[in-house]
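What you see below is based on every heavy atom in this structure, not just the backbone, and it leaves out hydrogens, waters and symmetry mates. Values in this document were obtained by computation on a predicted structure and should not be read as measured data.
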Amino acid sequence: MGLRTQESLINVAVKHTAVTERLAINIAPAILAWFDQYGRKNLPWQQNINPYRVWLSEIMLQQTQVATVIPYFENFTTKLPTVHDLAHAEEDLVMHLWTGLGYYSRARNLHKAAKMVVNEFAGTFPCEMDDLIKLPGVGRSTAAAIRSIAFQQPAAILDGNVKRVLARLHAVDGWPGKTAVLNTLWEYAEAHAPEERPNNYSQAMMDLGATLCSRSKPACNLCPIQTDCLAFIQGNPSDYPGKKPKKVLPVKQATLLMIENNKGELLLTKRPPTGIWASLWVFPELEENNSIESFCEQEQLELIEHKQWPSFRHTFSHYHLEITPIHIKASSTATKTMEAGKQQWYHPKGDTELGLAAPIKKLIKALA
Ligand code: SF4
């Protein structure tokens, strides 16, 4: 065996021993004691705990801050208090209740998953991991949160906040979007999850990441696991977790027509169930080779006046959309029959409940 090979085998062995030692660290007692004193216990989804409420809150909290989620959660559970209510709700109502929260695939998946719970699990929320991860939109960490918080069964969670805590605690290098890094974090998450008080432990880890171990300037002096934290000992917590590699997103263009009739109603069309803004209501788009005049003619609208608004940018995960809105005043010649469920006149002050894409909501507000 060459000297180099021998050396790298020794390095691997040393690293493995270090990971094994780190896996044995028991952080649960300190985390739970901290939770008893400082953990959040008054959030809306921590009252009247049941699997439906835990699941809904976990989905809403993905990519969204607690303060933003609270009013949405309260409104959603007032209108649709049970999984049965959600399963039987109209799609437009579900999307309406989600309007403004973003990442609308979460709402579509919620609706599908509620139907699955009712039809395939006889209306009873499953508690086994294998069943939970069959529900659309429920990944390993969300399933574990439902299992531990709603059913008080041991399960390891690994949401964004927990990834940050564990990456710092064990000085795990690399971006957690990479499989190898994620697998290491899961290994730690599983090793640390206790048998006792799994519900409080899951909540405590999320709270620790959201409050003390924040993205910038973590409050290490108040942290219950400071003495075990490698990033703290090294003096570089903000180096963890590793950053996502930057990529330049392409830019696409869209001209949106804000057509207003003489009753103050706006013409909206419903997007297909897949693709961007799936199943949401938006302003009609002017195709590149079409003109406002011929669009109005096709839609049997009499064009009165039109004005272009300044363009603005909306960013999706894989591209930027440069939106140019055009405000059109037109009167309907009213001979055209609207295709039900695909096109409608919408009054911003009326009581029609529709799911609106975020930039559309913003534009309607600006028009008002
Ligand atoms: Fe996070 Fe600091 Fe606690 Fe380490 S000591 S887990 S970096 S808050």
Just by modelled atom types, is the [Y] backbone N or O under 3.5 Å from a matching donor or acceptor in the [X] side chain?
X: Gln300; Y: Cys296; answer: no
X: Arg168; Y: Ala231; answer: no
X: Gln46; Y: Arg40; answer: yes
X: Arg106; Y: Leu101; answer: yes
X: Thr184; Y: Leu182; answer: no
X: His170; Y: Leu166; answer: no
X: Gln153; Y: Arg147; answer: no
X: Ser202; Y: Asn199; answer: no

Let me check something: do [X] and [Y] share a hydrophobic cluster, defined by ILVMFWY side-chain heavy atoms less than 4.5 Å apart, either directly or through other members?
X: Ile157; Y: Met129; value: no
X: Leu23; Y: Ile233; value: no
X: Leu135; Y: Tyr103; value: no
X: Val181; Y: Leu230; value: no
X: Leu132; Y: Val54; value: yes

Does Arg140 come within less than 4.0 Å of Glu190, counting only side-chain N to carboxylate O?
yes
Strictly below 4.0 Å, N to O, side chains only: are Glu120 and Lys115 in salt-bridge contact?
no
Check whether any side-chain heavy atom of [X] sits under 4.5 Å from a side-chain heavy atom of [Y], and report yes or no.
X: Ile225; Y: Leu208; value: yes
X: Lys163; Y: Val172; value: no
X: Tyr201; Y: Ile27; value: yes
X: Leu257; Y: Leu267; value: no
X: Leu86; Y: Trp55; value: yes
X: Arg22; Y: His192; value: no
X: Ser57; Y: Phe76; value: no

So, do His314 and Phe316 have ring centers that fall under 6.0 Å from each other?
yes
Atom [atom1] of [X] with >12 non-hydrogen neighbours under 6.0 angstrom:
X: Tyr72; atom1: OH; result: yes
X: Gln253; atom1: CD; result: yes
X: Tyr319; atom1: OH; result: yes
X: Gln47; atom1: CD; result: yes
X: Lys41; atom1: NZ; result: yes
X: Arg215; atom1: CZ; result: no

Under 3.5 Å, is there a donor-acceptor pair between the [X] and [Y] side chains?
X: Ser105; Y: Asn109; result: no
X: Thr324; Y: Thr255; result: no
X: Asp85; Y: Thr82; result: yes

Trp45 vs Phe73 aromatic rings, parallel, tilted or perpendicular, using cut-offs 30° and 60°?
perpendicular
Enumerate, atom names and distances included, each donor-acceptor pair closer than 3.5 Å involving a side-chain atom of residues 275-288, sequence neighbours excluded.
residue: Ser279; atom: OG; partner: Glu91; partner atom: OE2; Å: 3.2
residue: Trp281; atom: NE1; partner: Asp92; partner atom: OD1; Å: 3.1

Separation of Ile326 CD1 from Gln308 CD (nearest 0.5 Å):
5.0 Å
